[in-house]
Amino acid sequence: MAVALVCGALIATGAGAQGAACGGVERWNVKVLRDADAGAVATDVEPTTISALVALPPPRESKPANGRLALERRRFRVRAILLEQRPQDADSDLHLVLADPADRTRVLIAELPDSACAVGSRHASDFAEARRTVQDLADGLEIEVEGIAFWDDEHGQVGNAPNGIELHPVVRVTPVLTKNDILQGDVGAVPADPQDVRVWLNRSSKVYHCPGTAYYGNTRNGEYMPESAARRLGARPAGGRACR
């Protein structure tokens, strides 16, 4: 019995220390998928738009402290322009201000918890991976964001949707356009995967050459382009072997 009491005291102390360090207060368990209704959150993802989410009527019923309203049990994926990343000292969340690519006046907030503040949540590793992804991205890029719907109250947040809808927590972030894509688009080139190999296409023979080979950049009527673009033009690799 004494051992059990000691262990219980240590667990309580650890939880208190975590809460103090992270600062999560209002509906914190809901925000990190650790609430009583977390098991009822959908596993299927619903593609939607930011414009559709911010057009929803706000809830009339009160929000449970350790449970969810109906919409908060749904998982959504949106395409978005990353307008801004705003680290929050109060709760260690990373706030993403997102805009609809089709209408940049339609914005909402998506929040990425710190996995260290989500001990006990089965999605803690998802939070960590999503934060690693987004922190390598520049503002202005197009991304896909997957997260759980959350009704928040107005408290002066930058990017807050007029109806208070958020994606909170975010469980996945996927880049759609990279800096490389945008730069290539600006100069009229075909957007390419960052891993796409830059080949030399002989337009006369419709054969392309890989970096490091004898004819790379050394044939007439040729040009550099991503390997995927060369294949779309019907070209074949020299020697029959792809470059990647």
Side-chain angles (χ1 to χ4, degrees), residues 24 26-83 85 91 93-104 106-137 141-153 157 159-178 193:
E26 186 179 1
R27 305 187 77 202
W28 182 250
N29 283 333
V30 178
K31 294 176 179 179
V32 296
L33 279 169
R34 198 173 54 196
D35 58 288
D37 292 334
V41 172
T43 56
D44 293 336
V45 182
E46 301 177 52
T48 188
T49 65
I50 290 175
S51 293
L53 289 177
V54 302
L56 294 172
R60 294 184 177 181
E61 61 269 49
S62 60
K63 299 181 282 290
N66 194 41
R68 296 174 179 272
L69 299 180
L71 191 76
E72 295 177 325
R73 301 182 182 208
R74 295 167 66 181
R75 183 185 304 251
F76 294 103
R77 180 173 64 241
V78 299
R79 282 280 183 104
I81 303 298
L82 177 59
L83 296 183
Q85 301 180 46
D91 58 13
D93 280 0
L94 182 62
H95 286 210
L96 309 181
V97 181
L98 305 179
D100 191 320
D103 183 355
R104 295 196 183 200
R106 302 287 188 173
V107 297
L108 58 71
I109 293 171
E111 298 199 35
L112 275 161
D114 186 335
S115 59
C117 298
V119 175
S121 171
R122 59 192 177 93
H123 290 280
S125 61
D126 295 328
F127 304 154
E129 179 62 28
R131 285 176 75 113
R132 282 193 293 269
T133 298
V134 78
Q135 287 174 340
D136 288 335
L137 300 178
L141 298 184
E142 186 173 348
I143 59 178
E144 277 194 348
V145 177
E146 180 181 325
I148 314 304
F150 179 81
W151 292 112
D152 203 1
D153 296 321
Q157 317 94 303
N160 186 52
N163 62 352
I165 191 70
E166 295 183 356
L167 292 177
H168 191 172
V170 170
V171 295
R172 180 173 300 163
V173 176
T174 306
V176 175
L177 293 178
T178 67
D193 185 304

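Please read all numbers here as calculations on a predicted model, not as lab measurements.
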For Asp103, side chain to side chain donor-acceptor pair (under 3.5 Å) partners two or more places apart: Thr105

For residues 37-60, pull every pair meeting salt bridge (Lys or Arg N to Asp or Glu O under 4.0 Å), keeping only residues two or more places apart or in separate chains. Asp37-Arg73, Glu46-Arg74

Over all atoms of both residues, closest heavy-atom pair of [X] and [Y]:
X: Pro101; Y: Arg79; answer: CD-O, 3.3 Å
X: Arg27; Y: Trp151; answer: NH1-O, 3.6 Å
X: Val97; Y: Gly159; answer: CG1-CA, 3.8 Å
X: Val145; Y: Leu98; answer: CG2-CD1, 3.8 Å
X: Lys31; Y: Pro113; answer: O-CG, 3.7 Å
X: Val30; Y: Ala65; answer: CG2-O, 3.9 Å

For residues 122-130, which side-chain N or O atoms pair as donor and acceptor with protein atoms under 3.5 Å away, sequence neighbours left out?
from: His123; atom 1: ND1; to: Asp126; atom 2: OD2; distance (Å): 2.8
from: Glu129; atom 1: OE1; to: Arg132; atom 2: NE; distance (Å): 3.4
from: Glu129; atom 1: OE1; to: Arg132; atom 2: NH2; distance (Å): 2.7

Counterpart residues, side chain to side chain contact (heavy atoms under 4.5 Å, CB included), relative to [X] (two or more places apart):
X: Ala52; value: Thr48, Thr49
X: Arg77; value: Val45, Pro47, Glu144
X: Gln85; value: Leu82, Leu94, Leu96, Val134, Gln135, Asp139
X: Val41; value: Leu33, Arg68, Arg75, Ile148

I'd like to know if the side chain of [X] and the backbone of [Y] have a donor-acceptor N/O pair within less than 3.5 Å.
X: Asn163; Y: Leu56; result: yes
X: Asp35; Y: Gly67; result: no
X: Ser121; Y: Val32; result: yes

Enter the distance from [X]:[atom1] to [Y]:[atom2] here, rounded to the nearest 0.5 Å.
X: Leu53; Y: Phe76; atom1: CG; atom2: CZ; result: 5.5 Å
X: Leu83; Y: Leu108; atom1: CG; atom2: CG; result: 10.0 Å
X: Lys63; Y: Asp152; atom1: NZ; atom2: CG; result: 7.5 Å

Distance-only check: which donor-acceptor pairs under 3.5 Å involve side-chain atoms of residues 165-176, not counting sequence neighbours?
from: Glu166; atom 1: OE1; to: His168; atom 2: ND1; distance (Å): 3.3
from: His168; atom 1: NE2; to: Asp93; atom 2: OD2; distance (Å): 3.2

Side chains of Leu112 and His95 in contact at under 4.5 Å (non-hydrogen atoms): no

If we only count heavy atoms from C-beta on, is the Glu111 to Phe150 side-chain gap below 4.5 Å? no

Taking atom CZ of Arg106 as the centre, does the number of heavy atoms from other residues, nucleotides or ligands within less than 6.0 Å exceed 12? no

